[in-house]
Amino acid sequence: MGALKLWEQALSRDPTVEDRQAALFNSTCVHASFGDVEFAQVTLRDAINCGLDFEDAMRSSDYVKLNSSPQVIIQLRKFAQAAKRIKDAVGTEASAPQLAKAVTKGEVKPGDLSDILGTEIRDGMDTSAFGILRRVLIIILVAVVGGTALFFLGLKFAFPEYR
């Protein structure tokens, strides 16, 4: 947390664009490593608004390495792509209200679960809410029927004298 305070102090001293990008991305990495995705997104959005390329920063050895769960990294990658699209579309910095408004208007479409997790489900699997609900209901039905059958089968073998 000491490094985070140093980067915040560096940001308050009117840094160069490169130093600002580095401090903001490094802050993003610290927040993400502690699982604080919301703060990580705030600092990442500010870094992107300063001209940072997320993918280049992830590969660069000049920045802190992003050590976090794969889900957080994928979520930040998707957020960075959305923030860059908004910045490019609007022509100015992408603020949080602009990001929310763009999602509401359909300019940036929230995807299905594969978009969030960064996985591709291609084998004809229905990833809509109805498709997921249908699969869950099938699993519940199989579990109830199977559990009931196993219960009575267990009674039959555990207590054979009470048939």
Side-chain angles (χ1 to χ4, degrees), residues 1-140:
M1 293 306 271
L4 186 60
K5 289 181 183 179
L6 290 175
W7 289 318
E8 288 173 355
Q9 289 173 359
L11 290 170
S12 68
R13 294 188 184 132
D14 196 29
T16 64
V17 173
E18 292 82 17
D19 290 341
R20 184 170 180 77
Q21 288 174 354
L24 287 167
F25 183 76
N26 292 342
S27 296
T28 298
C29 293
V30 170
H31 288 302
S33 69
F34 284 109
D36 194 353
V37 179
E38 290 81 17
F39 280 132
Q41 288 176 339
V42 168
T43 55
L44 179 59
R45 183 193 66 226
D46 292 343
I48 289 170
N49 287 336
C50 290
L52 178 82
D53 184 277
F54 181 75
E55 295 302 326
D56 289 344
M58 291 287 288
R59 289 187 295 272
S60 177
S61 61
D62 295 335
Y63 301 115
V64 171
K65 185 173 179 351
L66 180 56
N67 289 321
S68 189
S69 70
Q71 291 85 1
V72 170
I73 293 171
I74 291 168
Q75 189 174 2
L76 289 176
R77 182 172 281 124
K78 296 292 181 183
F79 180 83
Q81 291 168 353
K84 183 161 178 29
R85 278 195 307 263
I86 296 299
K87 182 182 177 196
D88 292 344
V90 175
T92 60
E93 294 183 354
S95 66
Q98 286 174 324
L99 284 169
K101 190 182 293 183
V103 169
T104 305
K105 287 183 176 179
E107 295 168 6
V108 176
K109 295 184 174 146
D112 60 11
L113 190 58
S114 64
D115 288 339
I116 296 169
L117 297 177
T119 58
E120 292 295 324
I121 302 174
R122 297 182 183 202
D123 297 327
M125 183 180 288
D126 185 7
T127 58
S128 68
F130 178 72
I132 294 170
L133 179 64
R134 187 171 44 98
R135 287 190 300 276
V136 168
L137 290 175
I138 289 170
I139 290 172
I140 291 172

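Just so it is clear, the structure is predicted and the values come from calculations on it, not from any experiment.
- No side-chain heavy atom of V30 sits less than 4.5 Å from a side-chain heavy atom of V64.
- For the pair Q41 and F79, the tightest heavy-atom approach, listed with the atom from each and the gap, is O-CE2, 3.2 Å.
- Minimum heavy-atom separation, A57 to L52: CB-CD1, 3.8 Å.
- In this structure, CG in N26 is found 13.5 Å from NZ in K65, a value given to the nearest 0.5 Å.
- Judged by distance alone, the side chain of S27 and the main-chain N or O of T43 form no donor-acceptor pair under 3.5 Å.
- The closest donor-acceptor contact from the side chain of D36 to the backbone of H31 lies at 3.5 Å or more, if one exists at all.
- Residues satisfying the ring pair (Phe, Tyr, Trp, His ring centres under 6.0 Å) test with Y63, not counting sequence neighbours, are F25.
- With rounding to the nearest 0.5 Å, the separation of CD in Q21 from CD1 in I48 is 10.5 Å.
- From R45, atom CZ reaches atom OG1 of T28 across 10.5 Å, with rounding to the nearest 0.5 Å.
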Report the C-alpha separation of L137 and R134 in whole Å, then their side-chain angles, then the decisive distance to 0.1 Å, and conclude whether the side-chain contact (heavy atoms from CB on, under 4.5 Å) test is met. CA-CA 5 Å; L137 290 175; R134 187 171 44 98; 5.9 Å; no
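- Counted within 6.0 Å of CG on D56, heavy atoms from surrounding residues, nucleotides or ligands total more than 12; the atom is thus considered enclosed.
- Taking each heavy atom of C50 and V17 in turn, the nearest pair found is O-CG1, 3.6 Å.
- Of all heavy-atom pairs spanning L66 and A32, the tightest one is CD1-CB, 3.5 Å.
- Note that the CG atom of N67 and the CD1 atom of I73 stand 7.5 Å from one another [nearest 0.5 Å].
- Here the NZ-CG distance, from K84 to L44, works out to 12.5 Å after rounding to the nearest 0.5 Å.
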